[in-house]
2 protein chains.
Amino acid sequence: MNNLATRILSSSSLPTPSLVASLSSFLSHRLIITSHRQQTFVRHVSTGVPELTKDRYKDVKRGNYTKLDKDHIDFFKRLLGDHRVITDSEECSGFNVDWIKSVRGYSQCVLKPKSTIEVSKILSFCNANKLAVCPQGGNTGLVGGSVPVFDEVIITTSLMNTISSLDDISGIAVLEAGCILENVENYVNEKGFMMPLDLGAKGSCHIGGNVSTNAGGLRLLRYGNLHGSVLGLEVVKANGEILDLLSTLKKDNTGYHLKHLFIGSEGTLGFITKIAIQCPPKPKALNVAYLGVNSFEDILKTFKMAKSNLGEILSSFELIDEKSLDVVSTYYGMKSPIGIYPFYILIETQGSNLAHDEEKMNLFLEKVMNEGIVLNGTVTNEDSKMKSIWALRERITEGLLCDGYVFKYDLSYPVKEFYAIVEDLRERLKDPEVFRICGYGHVGDGNIHLNICLKEFSQEILKKIEPYVYEFTSARKGSVSAEHGVGFRKPKYIHYSKSEAAISLMKDLKKVLDPNNILNPYKVLPQ
Amino acid sequence: MNNLATRILSSSSLPTPSLVASLSSFLSHRLIITSHRQQTFVRHVSTGVPELTKDRYKDVKRGNYTKLDKDHIDFFKRLLGDHRVITDSEECSGFNVDWIKSVRGYSQCVLKPKSTIEVSKILSFCNANKLAVCPQGGNTGLVGGSVPVFDEVIITTSLMNTISSLDDISGIAVLEAGCILENVENYVNEKGFMMPLDLGAKGSCHIGGNVSTNAGGLRLLRYGNLHGSVLGLEVVKANGEILDLLSTLKKDNTGYHLKHLFIGSEGTLGFITKIAIQCPPKPKALNVAYLGVNSFEDILKTFKMAKSNLGEILSSFELIDEKSLDVVSTYYGMKSPIGIYPFYILIETQGSNLAHDEEKMNLFLEKVMNEGIVLNGTVTNEDSKMKSIWALRERITEGLLCDGYVFKYDLSYPVKEFYAIVEDLRERLKDPEVFRICGYGHVGDGNIHLNICLKEFSQEILKKIEPYVYEFTSARKGSVSAEHGVGFRKPKYIHYSKSEAAISLMKDLKKVLDPNNILNPYKVLPQ
């Protein structure tokens, strides 16, 4: 870990005596991160497969869709060629299961189009023949939205992965839906830009899936959500019609802002094929601090001071509770670099001037430590060390899968109530089967990831958790799905966050855009 | 005007010798802004009124709506009381004309609801009786969207102006639609926050109108558009049903993101009654620079360097051409503080640390002056002087009205082609009737305001301008309405920026949300 005092002395501005004093006490607590595996995300591979969705969720009935037959397959093969129509059961199996292995379909057909025209012809055919389809990106979703429920034809974006353009002045990129987020990030980085979103799943997820699910991620606090960053979309409607909404303009008020219908509708209103997105300039300076505090109250105090002192350079403010850190300690041997505390805060800054950013960060750290709010911490601007700290946060999601079965909730609240659900459930679920209840997430966005871990799925425990978690959230006007979406697993819960009138309008829109209900059925809207 | 050298010497970091040298030469060109009227926006008052829209635009026919009669008026009076139902012709006249006096309706009824319930009852009644309505905010729109075309009942938000709440940690405000933008700005300023949008019309415009028209404004470059800032809406549908989409959460992925349907649809899909909006922290430091350059090419060079050097603190980058500045010189006696140049740039920074921001600004100015890109300039952080510089930019719109008749276009392009239309039209329109062709606007957003000034309206000149301007814009994949919207005056031109498939889907959505077409008819969508 970089030496904080050295950093300050080598910068152009000298610290004041009081700053040096406080930083010395800060450093005296500092530990070293020795080694960590550098790995942002891997698809979890396990020997077990979950029960078929149709068996586990018997109340969901297959719609009155046509069953796939040889004539359909022949049409697809004439259109795409033999190699881009997968019908082998073994090969199909990976596309039928979500990566957290919570749901499993039994589709016998995976299509790999390479162009918008091909997607259009596929959908036109499926719509005419009433074949249900399941659009799939990187299949990194957490609510069962990206795999079939029954035998829906899977259309994967995996071969639509061209970076079409990047404007060197404006930073506006045009991307095919199947581009992997991390690949795009690397590409735009080389040209002096960055992607406005970053996720733990960046090594696998597709930008089309990100947009379809309105993915939030780690830097929404700074760069806003995709409704702000996405400038245009190309979308294929259920009937195969291509909607060219692929504007690359920052301002365009000609008519209704249609692209937003497709951002966050999880492939149920249209199939996104291209995305125009505003990439901010790549920051010239990055700093990451990892802090230990005693209570959630102190987290809030630190957050308020970070907003005030770090201002426009604050790019992330993440909370990790002690039991969340245990996950990466247990399964990946990753340790807290500052010892054990009830809560950890990961703060990142991104700016255009390293000396200015370090000065802001140091003044901030001095304040929170002088006031006794932060008990210990470490700060770095070295790339490998920043990645090591980020890995502590990013690998929790993946590590939780090693626990066995995880009930995952992705909730948002007014920031003051961010952590209440974790404390509440620890009181409520004193059951030996439940061996971990932990929370981590994006304090700046009021978005907490609540996880309840068991060795294996238990209907009894589920009954204790649901609908309780949703009622708790609804009573606080929170969201029962802050960023993961609704997918297959949550349609019956969206009424906890949306009114009857709103859900009714959603259904009206679905009828307009997909009257045969072929696009990703059984997802998002309650039946 | 503040003395730049003094500012630098009084800040904590000393300038290097080269910086001092360049700033001395910078200062030697500096002039002083002596006095300016401090007035952000006034409704233009003129003795003349435009021809009735029904007479000027004879191709637009009144829809088959019910004509207002005494029974309708009696219903409204029972609901709102006598004083909130305006039927006096004189009193109605101000609500029938847009502020640039380009269109005029003849409504004989203006309703002033005070609550969402009242709006709901009004719309329910109008829908059942097939009475067309025109929602109106501050009536500061520029495309004739906010006044009736014929005799539509006007519903003004003027009495719905409560600031419902402001969260002191998150900065999330909940506002009634009729709040005047400047009043909200002042209110949130006192609590340490700012509004994420700012317009020349801030003294009159209503936040409900801003959201309905997806207003862009002066700081979109920094704070993004309203699709990003608006967290939730309360909307009344045409049939009177209240849609509660008033989430105050930064992340909420439960179902389709309905609020975006109403942002920018100009009151044709629903009547916005409340808005939840994310207010950023109020900056602790502001700087405004006003620079003179010789060519548009130099504007682009300056923009690229500003993005790189000012980074996260850059909040505005505005262009004013010489003929635009002439407007405020001629009509308001306002002079350029740096002498006459072909182009002026107004740069604003907003940040959390004055010393850091000044250092960034000074380094940037040193570079652009050393390289001979910027010929002259002045910079200030004094409030009254920053306002004086901003007034040079903000009062152009209003001043242009003094020219007589103005053909106004609000266009966006890829940034490299920002100014081409102005130069092109100056060649094309060498007609003595046309005495001014000028352009100003938001370089950072690729959004230029093109104005063509005549003593009075001329059909012959119009034919030379339209559809030429739209064809020119369409060929460059620009927008024929970047931020002003479509309103009454542009529906027949939206196909220059939107495909048939997109327009067709817009019409489908209109049918779902307003099957009787009572909401702001004749606007946005082509007949």
Side-chain angles (χ1 to χ4, degrees), chain A residues 13 169-170 214 216 224-225 227-228 241 243-245 248-258 260-261 263-265 281 304 307 311-313 351-353 356 360 412 414-416 445-447 478-486 494 497-499 501-503 505-506 508-509 512 524-525, chain B residues 13 167 169-170 214 216 224-225 227-228 241 243-245 249-258 260-261 263-265 281 304 307 311-313 351-353 356 360 412 414-416 445-447 478-486 494 497-499 501-503 505-506 508-509 512 524-525:
Chain A
S13 54
I169 291 188
S170 65
N214 188 35
N225 65 40
H227 288 283
E241 189 177 27
L243 265 183
D244 178 3
L245 312 171
T248 57
L249 303 166
K250 289 189 73 173
K251 285 183 178 172
D252 178 19
N253 275 350
T254 50
Y256 306 156
H257 295 220
L258 298 177
H260 299 283
L261 277 174
I263 301 174
S265 57
K304 204 165 177 179
K307 291 225 301 183
E312 63 279 3
I313 62 169
S352 61
N353 184 308
H356 290 171
K360 286 187 181 90
S412 67
V415 66
K416 288 168 193 168
D445 314 325
N447 175 199
S479 170
V480 298
S481 184
E483 62 175 3
H484 293 167
V486 179
I494 72 169
S497 292
K498 289 288 186 293
S499 69
I503 295 168
L505 177 54
M506 292 178 198
D508 290 343
L509 297 176
V512 167
V524 185
L525 298 181
Chain B
S13 53
D167 184 290
I169 291 188
S170 66
N214 188 33
N225 65 39
H227 287 284
E241 188 177 28
L243 265 183
D244 177 4
L245 311 170
L249 303 165
K250 290 189 73 173
K251 287 182 176 171
D252 178 19
N253 276 350
T254 49
Y256 305 156
H257 296 220
L258 299 176
H260 300 282
L261 278 173
I263 300 175
S265 57
K304 205 165 175 177
K307 291 224 303 184
E312 63 280 2
I313 62 169
S352 61
N353 183 309
H356 290 171
K360 287 187 180 90
S412 67
V415 65
K416 288 168 194 168
D445 314 325
N447 176 199
S479 170
V480 298
S481 185
E483 62 175 2
H484 293 167
V486 180
I494 73 169
S497 292
K498 288 289 186 294
S499 69
I503 295 169
L505 177 54
M506 291 177 200
D508 290 344
L509 297 177
V512 168
V524 184
L525 297 181

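Chain identifiers are assigned alphabetically (A, B, ...) following the order of the sequence lines, protein sequences preceding nucleic acid strands; residue numbering begins at 1 within each chain. Both backbone and side-chain heavy atoms feed into the values below; hydrogens, waters and symmetry mates do not.
- Heavy-atom pairs under 4.5 Å with chain B were tallied for A/Gly228, A/Gly264, A/Gly311, A/Ser352; the largest tally goes to A/Ser352.
- Of the two parts of A/Val512, only the side chain, counted from C-beta on, holds a non-hydrogen atom closer than 4.5 Å to a non-hydrogen atom of chain B.
- Of the listed residues (A/Gly446, A/Ala502, A/Gly224, A/Ser499), the greatest number of heavy-atom pairs within a distance under 4.5 Å of chain B belongs to A/Ala502.
- Rounded to the nearest 0.5 Å, atoms CG (A/Asn225) and CG (B/Asp252) are 11.0 Å apart.
- Separating the CD1 atom in A/Ile494 from the CE atom in A/Met506 is a distance of 5.0 Å, to the nearest 0.5 Å.
- The aromatic rings of B/His257 and A/His227 sit tilted relative to each other, their planes meeting at an angle between 30° and 60°.
- Summarising the geometry, atom CD1 belonging to A/Ile503 is positioned 9.5 Å from atom OG belonging to A/Ser497; distances are rounded to the nearest 0.5 Å.
- Interface remark: B/Asn214 contributes backbone and side-chain atoms alike to the contact with chain A (heavy atom separation under 4.5 Å).
- The candidate with the highest count of non-hydrogen atom pairs below 4.5 Å against chain B, out of A/Pro414, A/Pro281, A/Gly485, is A/Gly485.
- Rounding to the nearest 0.5 angstrom, the gap separating the CG atom in B/Leu261 from the CG atom in A/Leu509 is 6.0 Å.
- Heavy-atom pairs under 4.5 Å with chain A were tallied for B/Lys498, B/His484, B/Lys304; the largest tally goes to B/Lys498.
- Heavy atoms of A/Ser265 lying under 4.5 Å from chain B belong to its backbone as well as its side chain.
- When the candidates A/Val486, A/Leu258, A/Asn447, A/Ile263 are compared by the number of heavy-atom contacts under 4.5 Å with chain B, A/Leu258 comes out ahead.
- Proximity to chain B (any heavy atom under 4.5 Å) is restricted, for A/Val415, to the side chain, taken from C-beta onward.
- Chain A forms the most heavy-atom pairs under 4.5 Å with one residue out of B/Leu243, B/Asp508, B/Val480, and that residue is B/Leu243.
- Proximity to chain A is limited to the side chain of B/Glu241, based on heavy atoms less than 4.5 angstrom apart.
- Ranked by non-hydrogen atom pairs under 4.5 Å with chain B, the options A/His356, A/Lys250, A/His260, A/Glu483 are led by A/His356.
- One distance of note links CD1 of A/Ile169 with NZ of B/Lys416; it measures 5.0 Å at 0.5 Å rounding.
- Here the OG atom belonging to B/Ser412 is positioned 4.0 Å from the CG atom belonging to A/Leu249, to the nearest 0.5 angstrom.
- Highest contact tally toward chain B, considering only A/Val524, A/Leu505, A/Ile313, is held by A/Leu505 [criterion: heavy-atom pairs under 4.5 Å].
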